[in-house]
**Student:** 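Quick one: the structure is below, and I'll ask about it shortly.
Predicted, not measured: the structure shown is a model, and the values here were computed from it. Values below: all heavy atoms of this structure, side chains included; hydrogens, waters and symmetry mates excluded.
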Amino acid sequence: MYPDLQKQIDNVFMQHGYPASLWQSQYFPGATHAEVDWAKRLQIPLEFMFRTNAQAL
């Protein structure tokens, strides 16, 4: 169910003109919403959120 819903959200962002450098969608087939799976990929959102403005462009 996630991929189809995420495509809808991605379309909303694009239609409203959000630059691709300010958001991203990623899908991890087989991963759950459990702590053990989040621990494997926590660095991804942290690096995205705490990057510098220069890195975002």
**Student:** Determine whether Val36 and Phe28 fall in the same hydrophobic cluster, where Ile, Leu, Val, Met, Phe, Trp and Tyr are linked whenever their side-chain heavy atoms lie under 4.5 Å apart.
**Tutor:** no

**Student:** Decide if atom OH of Tyr18 counts as having more than 12 heavy atoms of other residues, nucleotides or ligands within a radius under 6.0 Å.
**Tutor:** no

**Student:** With sequence neighbours left out, write down each residue that passes ring-ring contact (aromatic ring centres under 6.0 Å, His included) with His16, or none if nothing qualifies.
**Tutor:** none

**Student:** For Gln43, what residues pass the side-chain hydrogen bond (donor to acceptor under 3.5 Å, both in side chains) criterion, not counting sequence neighbours?
**Tutor:** none

**Student:** Kindly give the heavy-atom pair with the smallest separation between Gln26 and Tyr2, and that separation in Å.
**Tutor:** O-OH, 3.3 Å

**Student:** In Å, rounded to the nearest 0.5 Å, how long is the span from CE of Met49 to CD1 of Ile44?
**Tutor:** 11.5 Å

**Student:** Does Asp37 use its side chain to pair, donor to acceptor, with the backbone of Ala31 at less than 3.5 Å?
**Tutor:** no

**Student:** Taking 4.0 angstrom as the limit, do Asp10 and Lys7 come out as a salt bridge?
**Tutor:** no

**Student:** side-chain contact (heavy atoms from CB on, under 4.5 Å) with Ile9: which residues, sequence neighbours excluded?
**Tutor:** Gln6, Phe13

**Student:** How close do Trp38 and Pro45 get, counting heavy atoms only, and between which atoms?
**Tutor:** CZ3-CG, 4.4 Å

**Student:** Nearest heavy-atom pair of Pro19 and Trp23: which atoms, and what distance?
**Tutor:** O-CD1, 3.2 Å

